Amino acid sequence: MEQVIQLEKVNKWFDDFHVLKDIDLTVTKGQKIVVCGPSGSGKSTMIRCINRLEAHQKGHITVHGTELTNDLKNIDIIRKNVGMVFQQFNLFPHLSVLDNISLAPIWVKRMPKKDAEEIAMSYLEKVKIPEQAKKFPGQLSGGQQQRVAIARSLAMNPDIMLFDEPTSALDPEMIKEVLDVMIQLAEEGMTMLVVTHEMGFAKTVADQMIFMDEGRIIEQATPDEFFNNPKSDRTKLFLSQILNH
Amino acid sequence: MSVIIQSLSRNKFYNWVYKNLFSSWVNTIMTIIAVIFVYEIGTFFLNWAIFNADFRTNFQGELITDRTFCSKNISPGEYGACWAIIYARWDQFMYGLYPIEETWRVNITYALLPLAIIGILFDKLPYRKLFIYFTFLFPFIAYFMLYGGPGLSTVGTNKWGGLLVTLFLGVTGIGLAFPLSILLALGRRSKMPIIKSLCVVFIEFIRGVPLITLLFTANVMLPLFLPDGVNPDNLLRALVAVTLFQSAYMAEAIRGGLQAIPKGHIEAADALGLTYWQTTRKIILPQALKIAIPPIVNTCIGLFKDTSLVLIIGLFDLLGIGRAALADMTWTKLYYEVYVFISLVFFIFCFGMSRYSLYLEKKLKTDNS
């Protein structure tokens with residue numbers, strides 16, 4: 001299998017705080033990996049390192065054979081191939097939904113405006129809200145906003161998608177509409193790295209589960225093993241808390 | 001039916017008056033004192049400024065050609081203002097010593113100025129793009145009209161004065177300071193330590209020094225920095241000082257707007273692969289400037305009034321021209337008339353800006369979607 005993301009002995013500090021400790025991770029093409037763990041365990045930081053929203057201080061991160069260094073050119077190459085969806089959606093409130101999605105194709109890919117808008121519309125259809133194209137983000141519900149954010153990311157045609165707790169800021173009744181889009185994306189073969197506590201989603205979609213705590217990957221296993229037969233006590237405790245609440 | 005409505009609305013009026021003006025003894029006394037105060041001041045001022053005032057002729061019907069014809073100087077104590085000085089000096093108040101036969105050029109510039117500004121002020125204006133193009137064209141038109149060029153005789157800036165100098169310094173100073181202040185505000189938040197410290201030092205230095213000091217400095221020191229033989233005229237020196245001064249204050253207003261942009265927007269733009277300048281232009285500035293407009297307008301009001309300080313380096317702005325008029329023996333001692341008139345002109349411009357700022361604040365509150 002083709003390796004698309006590789007993390008080798010990655011370490012990161014926020015000042016004195018050691019957030020990531022010797023992280024090793026390999027993602028192959030088309031793989032869906034769900035990362036879970038208690039807050040402060042470094043799971044968001046880890047995926048934010050993959051598109052250099054955070055810089056790591058030790059170790060190597062390679063995406064599609066390009067290593068992430070301070071070289072801006074490499075960062076640009078990697079960001080073009082890696083899409084990201086945030087917990088807080090981070091839509092641009094002064095732009096319409098359509099402009100939010102077509103912005104990057106126009107400015108980064110230098111696409112003609114008309115083509116970019118066509119692509120934007122096609123992705124809006126994919127996330128099932130084409131009728132909202134002319135509205136502004138503030139006029140949409142949280143679930144709709146997150147779906148626009150997914151469409152915005154997809155419009156750059158990435159082959160890897162990072163999801164940083166995409167449903168954590170949503171009201172319960174809106175979680176499903178976002179997860180449905182993500183499941184559809186997974187079925188189409190997208191390589192996905194998802195930080196989430198939606199264990200139902202994990203069971204449906206994930207090839208691999210990763211459990212992190214205190215900056216380390218404690219356990220990595222298939223969902224079947226992970227949920228039914230976790231090895232570490234820390235994982236067992238976490239699962240019992242998250243599944244029985 | 002209409003009687004009922006009338007009595008209802010009258011009741012409403014009485015209720016409002018009772019509730020707000022006479023609800024308690026203290027309130028009643030305050031209301032009475034305030035009414036007396038406003039009445040006394042108001043009637044005094046109106047009598048002085050209008051009803052007992054001379055405009056072009058005195059109470060004997062003679063045309064006023066110098067101060068001895070003013071009614072109040074003929075019959076002291078009975079008459080009010082003598083506005084004839086404003087009529088006599090009108091051209092100077094408006095144009096300074098600009099040649100009379102060329103003042104049509106200034107008038108055209110004055111007339112075009114609102115057209116150049118309106119596109120910036122109102123974002124839902126029809127044909128706004130055309131107005132914005134005109135905004136960028138206007139400085140060249142204004143330069144050609146005011147200073148001269150092919151087909152028009154040159155009028156040196158030493159002849160400019162009055163409202164022309166006040167508006168020139170205010171509008172040009174604000175216009176030039178705007179792009180500079182954006183760069184300063186961005187620089188102050190830059191991750192590059194040298195750029196950041198340069199911007200911080202510049203902004204804090206300018207903000208820590210009175211404008212008068214800057215004007216003196218520009219007047220005396222600017223020629224030292226320039227090669228021999230290049231001797232910028234006084235107005236240009238003042239303009240440099242005013243622009244730097246305004247840019248530092250505006251930069252701080254814009255920085256406030258920049259700080260209000262959530263970090264997540266920048267991260268989202270980064271993740272999409274937008275460059276720093278693309279993110280700045282498309283994501284950060286449109287949002288930040290919108291938030292910063294009210295404080296920016298405040299600094300503009302401050303600057304517009306501060307331009308009157310240039311009289312200290314020998315420029316004749318509106319205030320300078322007024323003082324020159326008072327120094328003229330034919331009109332001397334008509335202080336009140338001159339200063340009231342100058343205040344009125346400044347008030348019109350500053351009040352306009354202030355109302356605009358209020359309008360924007362209301363608008364921002366409603367369309368913050």
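Heavy-atom basis, side chains included; hydrogens, waters and symmetry copies ignored. Note that this is a predicted model, so its numbers are computed, not measured. Below, chains carry the letters A, B, ... as their sequence lines are ordered, and counting in each starts from 1.
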Which atoms of [X] come close to chain B, meaning under 4.5 Å heavy atom to heavy atom: side chain ones, backbone ones, both, or neither?
| X | answer |
| --- | --- |
| A:L162 | neither |
| A:V85 | neither |
| A:R52 | neither |

Would you compute the distance between atom [atom1] of [X] and atom [atom2] of [Y] and round it to the nearest 0.5 angstrom?
| X | Y | atom1 | atom2 | value |
| --- | --- | --- | --- | --- |
| B:L289 | A:H94 | CG | NE2 | 10.5 Å |
| B:K263 | A:L53 | NZ | CG | 8.5 Å |
| A:W107 | B:K282 | CH2 | NZ | 4.0 Å |

Within the supplied structure, the quantity of interest is the number of heavy atoms (other residues, nucleotides, ligands) at a distance under 6.0 Å from [X] [atom1]; does it exceed 12?
| X | atom1 | value |
| --- | --- | --- |
| B:Y127 | OH | no |
| A:H18 | NE2 | yes |
| B:R189 | CZ | yes |
| B:Y359 | OH | yes |

Do you know the tightest heavy-atom contact between [X] and [Y]?
| X | Y | answer |
| --- | --- | --- |
| A:N90 | B:G264 | ND2-O, 3.2 Å |
| B:D270 | A:R79 | O-CD, 3.0 Å |
| B:I283 | A:L103 | CD1-CD2, 3.4 Å |
| B:A268 | A:F86 | CA-CE1, 3.6 Å |
| B:A271 | A:N51 | CB-ND2, 3.6 Å |

Under 4.5 Å from a heavy atom of chain A, the part of B:E267 involved: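 Contact with chain A: backbone and side chain both.
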
